[in-house]
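Side-chain atoms are counted along with the backbone in the values below, which use heavy atoms only and exclude waters and symmetry mates. In what follows, residues are counted from 1 in the order of the sequence shown.
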Amino acid sequence: MALERPHGRFLAGEAGELVGVSGTTIGQWARRGYIRASRSTGDPHVYSLEDVAEASVVHALLDRGVGHAAVRRTIAALGDERPWPLLRAPLATAGGDGNGAPRIVLCEADGAYALEGRGWQRLAVQGELRVLRPPSAIGLLAPGP
């Protein structure tokens with residue numbers, strides 16, 4: 001599956017409507033580096049379907065109580081030089097049941113990893129994971145389970 005070429009064209013208001021947030025929020029997320037406007041560099045920003053799906057993952061993380069700083073650190077750790085890092089990674093959240101904010105977890109075949117000061121560290125005690133399932137738009141955006 002190749003995610004290198006963006007598909008579709010959405011203005012911020014349209015992208016926000018699809019994700020369930022305002023167009024202003026989409027613009028703020030783009031300025032903060034949570035998502036990109038891969039269809040344009042000027043104003044108004046034009047977002048691709050993949051950008052909208054990435055925004056959907058950001059929205060899900062924030063709705064689960066993950067902090068903004070944790071989202072930024074995760075994007076940077078996943079290698080934000082390539083487009084759509086949150087769509088490419090098998091992510092879940094752990095914790096957040098009264099013991100502080102939930103953590104973003106990277107789920108790999110050999111275990112679950114949380115982002116710590118020294119990078120991704122394998123969880124010794126995994127606990128319950130809530131898997132993030134990005135929208136798949138007819139299989140274009142995200143691999144199956």
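Proximity of C107 to L91: side-chain heavy atoms (C-beta onward) are nowhere separated by under 4.5 Å. Residues V105 and Y113 form no side-chain contact, since every pair of their non-hydrogen atoms from C-beta on lies 4.5 Å or further apart. Between L49 and F10, some side-chain heavy-atom pair lies under the 4.5 Å cut-off.
Between the D63 side chain and the A60 main chain, no donor and acceptor come within less than 3.5 Å of each other. In this structure, the side chain of E54 engages the main chain of L87 through a donor-acceptor pair within 3.5 Å. For the pair R122 (side chain) and D110 (backbone), a donor-acceptor distance under 3.5 Å is present.
Contact record, P85 with L78: O-CD1, 3.7 Å, taken as the closest heavy-atom pair. Nearest heavy-atom pair across A89 and L106 is CB-CD1, 3.8 Å. Between A70 and I104, the shortest heavy-atom distance links the atoms O-CD1, 3.8 Å. Among all heavy-atom pairs drawn from W29 and L62, the shortest one is CZ2-CD1, 3.7 Å. Residues A55 and I26 share a closest heavy-atom pair of CB-CD1, 3.9 Å. Of all heavy-atom pairs between V19 and H59, the closest is O-ND1, 3.4 Å.
The distance from atom NE2 of H68 to atom CZ of R73, rounded to the nearest 0.5 Å, is 12.5 Å. We find the CD1-CG distance between I35 and L86 to be 10.5 Å, quoted to the nearest 0.5 Å. Rounded to the nearest 0.5 angstrom, L129 CG and R103 CZ are separated by 10.5 Å. For the atom pair D51 CG and S56 OG, the distance stands at 12.5 Å (nearest 0.5 Å).
Atom CD of E17 sits in a sparse spot, with 12 or fewer heavy atoms from other residues, nucleotides or ligands closer than 6.0 Å.
One hydrophobic cluster holds both I75 and L115 under the rule that ILVMFWY side chains link at heavy-atom gaps under 4.5 Å. A continuous path of Ile, Leu, Val, Met, Phe, Trp and Tyr side chains, each step under 4.5 Å between heavy atoms, connects L132 with W120, placing both in one hydrophobic cluster.
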Run the side-chain contact (heavy atoms from CB on, under 4.5 Å) check on Y47 and R9 step by step: do they pass?
-> CA-CA 6 Å; Y47 301 90; R9 296 176 187 277; over 6 Å; no

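In this structure, a donor-acceptor pair under 3.5 Å is absent between the side chains of R130 and T93.
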